[in-house]
Structure formats: C-alpha cells, structure tokens
Amino acid sequence: MANVVLPKVRMFIPCVSVDLEPGRARTIHSPLHTVRMLPGVNQHYLVDELWFYVVLTDGVGTFRLRVELRGEEDIIITSSKPQTVVLLGGHQLDAEELRIRIGSVPFARPGIYEFRLVANHAHLEDGGTALLRVLPG
C-alpha cells in the first residue's frame, strides 16, 4: 500500500465563518458565491477574512493544506497559513472536516476569482476549486 494518497475533496465552500465545535451541529455561516464591493468602490477592495469549509475523504498521509487565491496568469495573490492534517490508513471512508481562514483578501477589480485547495503543493483539482464573483459597489 502507498504511504501517501491524496485526499478527495467532498466539499470546498467559501463562507463568512464556520462552526465545527465537537458535539454541536456543523454550521456554515453565509456561504458565498458573490461579493459586492462597498457602494462607490470599484477597485482595490479588501475583505478582512474569508473562511472555507472543507470535507476530505480517501486520503492517507500527512498533508499541509492551504487555500490559494489565484489571479491573472495563475499568480498567487494570497494564501492561508498552512494547516497540517493527518489522514490514517484504514480510515479512508471517514470524513475529515476542516475550516481554513484567509485573512486580508484583496480584490483588485470586479471579476471572477479562483480559490484553490492545495495539499503538499498539489492542487486538489477534483472539487478543490471555488469561484467567487466580485461585483462593483
């Protein structure tokens, strides 16, 4: 059996916040698909923070997960701090729930922005991409 198997992404949802306290219901606050800049603002818009609700299965190994905001020409604009998760062999059917925060998210102009879930430098392509539309104010 392989030592490392990349996980499958079952959910990757941008939102305002996430509650994952043990023994309580999982709560995704205000899932996002569109953000509108403040009235009168049409460029250089900064969001204090975004959260991502992530559900992984099928992986084996230790992974450093992060969310990257990609801009034009596939340049990384910002990313979250790496978060380590250990997925044990024999437990691939168990769902691993995580919340990942990106602070100070800049949007240069209105448009479509791509967020990628990355594990050990590999983009988890199948399900690990979230698009966020940003509208002018």
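The first residue in the sequence is number 1, and the count goes up from there.
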Margin query: I'd like to know whether CG of Asp74 has more than 12 heavy-atom contacts from other residues, nucleotides or ligands below 6.0 angstrom.
Written below: yes

Check: Counting only N and O atoms by type, is there a donor-acceptor contact under 3.5 Å from the side chain of Arg36 to the main-chain atoms of Pro136?
Finding: yes

Item checked: Glu49 and Arg101: CA distance, side-chain angles, deciding distance, salt bridge (charged side-chain N to carboxylate O under 4.0 Å, His left out) verdict -> CA-CA 7 Å; Glu49 66 181 10; Arg101 176 188 176 272; 2.6 Å; yes

Next item on the list: Determine, using the 4.5 Å side-chain heavy-atom cutoff (strictly less than), whether Phe115 and Met11 are members of one ILVMFWY cluster.
Entry: no

Note to self: As a test of understanding, state which of Leu131, Leu135, Ile112 forms a side-chain contact (heavy atoms from CB on, under 4.5 Å) with Thr34.
What the structure shows: Leu135

Margin query: Tell me if the CZ atom of Arg109 is crowded by more than 12 foreign heavy atoms within 6.0 Å.
Written below: no

Next item on the list: For residues Arg26 and Glu21, report the shortest heavy-atom separation together with the two atoms involved.
Entry: NH1-O, 3.2 Å

Notebook entry, point to check: Say you draw a straight line from CD of Gln43 to CE of Met37; how long is it, rounded to the nearest 0.5 Å?
Noted result: 8.0 Å

Check: Does Leu56 reach the side chain of Val9, with side-chain heavy atoms less than 4.5 Å apart?
Finding: yes

Check: Minimum heavy-atom separation for Val35 to Tyr45, with atom names?
Finding: CG1-CE2, 4.0 Å

Margin query: Are Phe12 and Leu20 connected into the same hydrophobic cluster when the rule is that any two of I, L, V, M, F, W, Y join if their side-chain heavy atoms are below 4.5 Å apart?
Written below: no

Check: Can you tell me how far CG of Leu69 sits from CD1 of Ile77, rounded to the nearest 0.5 angstrom?
Finding: 4.0 Å

Notebook entry, point to check: Below 4.5 Å, heavy atoms only, C-beta onward: do Pro106 and His44 meet side chain to side chain?
Noted result: no

Note to self: Could you tell me if the side chain of Val105 sits less than 4.5 Å from the side chain of Leu46, heavy atoms only?
What the structure shows: no

Next item on the list: Starting at OH of Tyr53, measure out to CZ of Arg99 and round the result to the nearest 0.5 Å.
Entry: 12.5 Å

Notebook entry, point to check: What is the minimum heavy-atom distance between Ala95 and Val55, and which atoms define it?
Noted result: CB-CG1, 3.9 Å

Item checked: Verify same cluster id: Ile102, Tyr113 (apolar side-chain graph, 4.5 Å) -> yes

Margin query: Thr129 and side chain to side chain donor-acceptor pair (under 3.5 Å): which single residue from Glu114, Arg70, His123 fits?
Written below: His123

Check: Can you check whether Lys81 reaches Gln83 side chain to side chain, under 4.5 Å on heavy atoms?
Finding: no

Next item on the list: Compare all side-chain heavy atoms of Ser80 with those of Val67 and state whether any distance is below 4.5 angstrom.
Entry: yes

Next item on the list: Show your reasoning for whether side-chain contact (heavy atoms from CB on, under 4.5 Å) applies to Glu68 and Thr78.
Entry: CA-CA 6 Å; Glu68 298 176 345; Thr78 190; over 6 Å; no

Note to self: If we ignore hydrogens and angles and just use 3.5 Å, is the side chain of Asn120 paired with the main-chain N or O of Thr62 as donor and acceptor?
What the structure shows: yes

Next item on the list: Using atom types as modelled and distance alone, determine if a side-chain donor or acceptor of Thr57 lies under 3.5 Å from a backbone N or O of Asp94.
Entry: no

Next item on the list: Mind running side-chain contact (heavy atoms from CB on, under 4.5 Å) on Ile100 and Trp51 for me, showing each step along the way?
Entry: CA-CA 6 Å; Ile100 300 176; Trp51 287 87; over 6 Å; no

Next item on the list: Kindly indicate whether the side chain of Val18, heavy atoms from C-beta on, has any atom under 4.5 Å from the side chain of His29.
Entry: no

Margin query: Using every non-hydrogen atom in the two residues, find where Leu65 and Ala119 come nearest and quote the distance to one decimal.
Written below: CD2-CB, 3.5 Å

Next item on the list: Side-chain contact test, heavy atoms from C-beta onward, threshold under 4.5 Å: evaluate it for Val4 versus Phe63 and give yes or no.
Entry: yes

Margin query: To the nearest 0.5 Å, what is the distance between CD1 on Ile28 and CZ on Phe52?
Written below: 12.5 Å

Note to self: Quick check: closest heavy atoms across Leu132 and His33, and the distance to 0.1 Å?
What the structure shows: CD1-C, 3.6 Å

Check: Do Phe107 and Leu38 share a hydrophobic cluster, counting only Ile, Leu, Val, Met, Phe, Trp and Tyr and linking them when any side-chain heavy atoms are less than 4.5 Å apart?
Finding: yes

Notebook entry, point to check: Is there a side-chain contact between Leu87 and Pro7, using heavy atoms and a 4.5 Å cut-off?
Noted result: yes

Check: Does one side chain, of Arg64 or Thr84, offer a donor that lies under 3.5 Å from an acceptor on the other?
Finding: no

Next item on the list: Identify the two heavy atoms, one from Leu6 and one from Leu124, that lie closest to each other, and give their separation to 0.1 Å.
Entry: CD2-CD2, 4.0 Å

